[in-house]
*Asks:* 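Below are the structure tokens for one structure; questions will follow.
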Amino acid sequence: GEMDIEDLIPEEDCVFTMTQMGYIKRMSVDEYQLQKKGGKGRIGITRREEDVVDTMFTASTHSHIMFFTTKGKAYMVKGYEIPEGSRTSKGMNLVNILPIESDEKVTTMIMIPKEHDDLFLCMITRNGIIKRTALSAYKNYRRVGLNAINLDEGDELIFVRHTKGDESLILATREGLAVRFDENNVRSMGRGARGVRGITLTGDDTVVGVCV
């Protein structure tokens, strides 16, 4: 019979971390031990100066991990394709894993649940544009990536969250404003769409936070 390389890779739970400067790694959850209240904790990653951990979650080595960049492109890899590192390692730069351009930065890393037929991806840009697309629109992904959103000139994709279709979103801006709305106020669009206005910004204000 036929054998897939994935059949040779054991399925285990791992911790995935990504820093703001684009360094990523995975570690077995066995590297972390339950501690009592007041415990000192353990080093989870060694970082470069001025770099901080931006995203951290647990997923399987066989889980699909999606990445979104400032240019509105989406990439997808399997968990085992992300190099394993030790607790004290810095990880590998994403430019060595994804075919991203020199002026492109990965801003979001999310894990795709196994049961995702009814999920949506909500994308928010720096200038307050929001777009909602069915996650199923990205099942036919390519190694070179897919265009996830059509951006206005000078705008960047900075946040992507998956939602269940009946949730609320909060957008917050640098100047301290926030808006909350039902995700169904944003109709579902195709992959090539631009999106709609999620929040009206004034002056040099930008979106800096999103919460589902």
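The residues of the chain are indexed from 1 along the displayed sequence. This structure is a prediction, so every number in the text was calculated from the model and none was measured.
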*Asks:* Going by heavy atoms in the side chains, are Phe67 and Val77 under 4.5 Å from each other?
*Replies:* yes
*Asks:* Once side chain to side chain donor-acceptor pair (under 3.5 Å) is applied, what residue pairs with a partner in residues 193-208 remain, sequence neighbours excluded?
*Replies:* Asp152-Arg194, Thr173-Asp205
*Asks:* With Thr125, which residues qualify under side-chain hydrogen bond (donor to acceptor under 3.5 Å, both in side chains), at least two apart?
*Replies:* Asp155
*Asks:* Please collect all salt bridge (charged side-chain N to carboxylate O under 4.0 Å, His left out) contacts where either partner lies in residues 159-181, sequence neighbours excluded, each pair once.
*Replies:* none
*Asks:* Please tell me if the side chains of Phe68 and Ile110 come closer than 4.5 Å, counting only heavy atoms from C-beta onward.
*Replies:* yes
*Asks:* Do Val207 and Ile149 share a hydrophobic cluster (ILVMFWY, side-chain heavy atoms under 4.5 Å, transitive)?
*Replies:* no
*Asks:* What closest approach, in Å, do Ser188 and Ala134 show between heavy atoms, and which atom pair accounts for it?
*Replies:* OG-N, 3.7 Å
*Asks:* In this structure, would Ile158 and Val208 fall into the same cluster of hydrophobic residues linked by side-chain contacts under 4.5 Å?
*Replies:* no
*Asks:* Which residue pairs satisfy the salt bridge (charged side-chain N to carboxylate O under 4.0 Å, His left out) criterion with at least one member in residues 119-132, sequence neighbours excluded?
*Replies:* Arg126-Glu156, Arg132-Glu183
*Asks:* Rounded at 0.5 Å granularity, tell me how far CD1 in Ile65 sits from CZ in Phe16.
*Replies:* 4.5 Å
*Asks:* Are Ile170 and Val179 close enough that some pair of their side-chain heavy atoms sits under 4.5 Å apart?
*Replies:* no
*Asks:* Could you give all pairs that pass the side chain to side chain donor-acceptor pair (under 3.5 Å) test and reach residues 65-79, with sequence neighbours left out?
*Replies:* Glu6-Lys78, Thr69-Glu104, Lys71-Glu101, Lys71-Asp103
*Asks:* Which one of Lys25, Met92, Arg26 satisfies the side chain to side chain contact (heavy atoms under 4.5 Å, CB included) criterion with Pro83?
*Replies:* Met92
*Asks:* Side-chain contact test, heavy atoms from C-beta onward, threshold under 4.5 Å: evaluate it for Leu119 versus Pro113 and give yes or no.
*Replies:* yes
*Asks:* Report yes if some heavy atom in the side chain of Tyr138 is under 4.5 Å from a heavy atom in the side chain of Met66; otherwise report no.
*Replies:* yes
*Asks:* Would a distance-only check, ignoring hydrogens and angles, find a side-chain to backbone donor-acceptor pair under 3.5 Å from Thr133 to Leu121?
*Replies:* no
*Asks:* Is there a path of hydrophobic side-chain contacts, each under 4.5 Å between heavy atoms, that joins Leu98 and Ile24?
*Replies:* yes
*Asks:* Examine distances only and state if a side-chain atom of Thr163 and a backbone atom of Val212 form a donor-acceptor pair shorter than 3.5 Å.
*Replies:* no
*Asks:* Output a table of donor-acceptor pairs, distance under 3.5 Å, between side-chain atoms of residues 52-60 and any protein atom two or more places apart or on a different chain; print 'none' if there are none.
*Replies:*
{"unit_1": "Ser60", "atom_1": "OG", "unit_2": "Glu11", "atom_2": "OE2", "d": "3.2"}
{"unit_1": "Ser60", "atom_1": "OG", "unit_2": "His62", "atom_2": "N", "d": "3.0"}

*Asks:* Give a yes or no on whether Asp118 atom CG has more than 12 heavy-atom contacts from other residues, nucleotides or ligands under 6.0 Å away.
*Replies:* no
*Asks:* To check you understand the geometry: which heavy-atom pair defines the closest contact between Met111 and Ser63, and what is its length?
*Replies:* CG-CB, 4.1 Å
*Asks:* With side chain to side chain contact (heavy atoms under 4.5 Å, CB included) as the criterion, how do Phe120 and Val186 come out once you've worked through the C-alpha distance, each side chain's angles and the decisive distance to 0.1 Å?
*Replies:* CA-CA 11 Å; Phe120 295 87; Val186 183; over 6 Å; no
*Asks:* Return the set of residues passing side-chain hydrogen bond (donor to acceptor under 3.5 Å, both in side chains) with Asn184 (not counting sequence neighbours), or none when no residue passes.
*Replies:* Asp182
*Asks:* Are the side chains of Phe159 and Leu169 in contact, using a 4.5 Å heavy-atom criterion?
*Replies:* no
*Asks:* Measure the SG-CG distance between Cys14 and Asp30 for me, rounded to the nearest 0.5 Å.
*Replies:* 9.0 Å
*Asks:* Using side-chain heavy atoms (C-beta onward) and a distance below 4.5 Å, is Met189 in contact with Val196?
*Replies:* yes
